[in-house]
Amino acid sequence: MLGRKQGVLTYLGPETEVLGDLRAKGPVRIDGLVKGSVYVEGELEVGRTGRIEGERVEAQAIQVHGEVKADLLAQKVSLGKTARFTGTVRAQALDVEAGAVFIGQSLAGETRALEAPKEA
């Protein structure tokens, strides 16, 4: 669970759908569906019933217990045992629990991992 010291929690419940990009400051927990990119100035937690289907997810730290189909960019990414992730992870630290589904690639452990990819 997220630390609450960062400000007011933004919460999307299980019956909530967001169609379009989501931008928020402070901690965010998603138990519903977001079809779009997610940009969080703080920590993001995707609960077991949470789903993100978009191009990009950015936050300081990301915890996934549900399903994410997007590229992740964060200082720290944690995929819990119930997580289902498809995409690319760019992070300083990546933690994948046994049981998590990870389909894609990761660039982790170096400062370069957080640099934006060069446009051709």
*I52 and L22: side-chain contact (heavy atoms from CB on, under 4.5 Å), yes or no, with the steps?*
CA-CA 10 Å; I52 298 174; L22 173 66; over 6 Å; no

*Residues L44, V57; criterion side-chain contact (heavy atoms from CB on, under 4.5 Å); working and verdict*: CA-CA 9 Å; L44 169 65; V57 176; 3.4 Å; yes

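Take E53 and apply the side-chain hydrogen bond (donor to acceptor under 3.5 Å, both in side chains) test, not counting sequence neighbours, and it matches R51.
Counting only heavy atoms from C-beta outward, the side chains of V38 and D21 never approach each other to under 4.5 Å.
Rounded to the nearest 0.5 angstrom, L94 CG and S106 OG are separated by 5.5 Å. Atom OG of S78 and atom CD of E43 lie 9.5 Å apart (nearest 0.5 Å). Here the CZ atom belonging to R56 is positioned 8.0 Å from the OG atom belonging to S37, to the nearest 0.5 angstrom.
The ring-ring contact (aromatic ring centres under 6.0 Å, His included) analysis of residues 12-54, with sequence neighbours excluded, yields no pairs. Listed by first then second residue, pairs satisfying ring-ring contact (aromatic ring centres under 6.0 Å, His included) with a partner in residues 81-105 read F85-F102, not counting sequence neighbours. Each salt bridge (Lys or Arg N to Asp or Glu O under 4.0 Å) pair with one or both residues in residues 68-84, not counting sequence neighbours, appears once here: E67-K69, E67-R84.
Nearest heavy atoms, R29 versus G47: NH2-CA, 3.7 Å. A100 and G80 get closest at one heavy-atom pair: CB-O, 3.2 Å. Smallest separation of non-hydrogen atoms from A59 and G42: CB-O, 3.5 Å.
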Would you list the atom pairs, donor with acceptor, under 3.5 Å between side chains in residues 8-19 and any protein atom, with sequence neighbours excluded?
| residue | atom | partner | partner atom | Å |
| --- | --- | --- | --- | --- |
| Y11 | OH | D31 | OD2 | 2.9 |
| T16 | OG1 | G13 | N | 3.4 |
| T16 | OG1 | G13 | O | 3.3 |

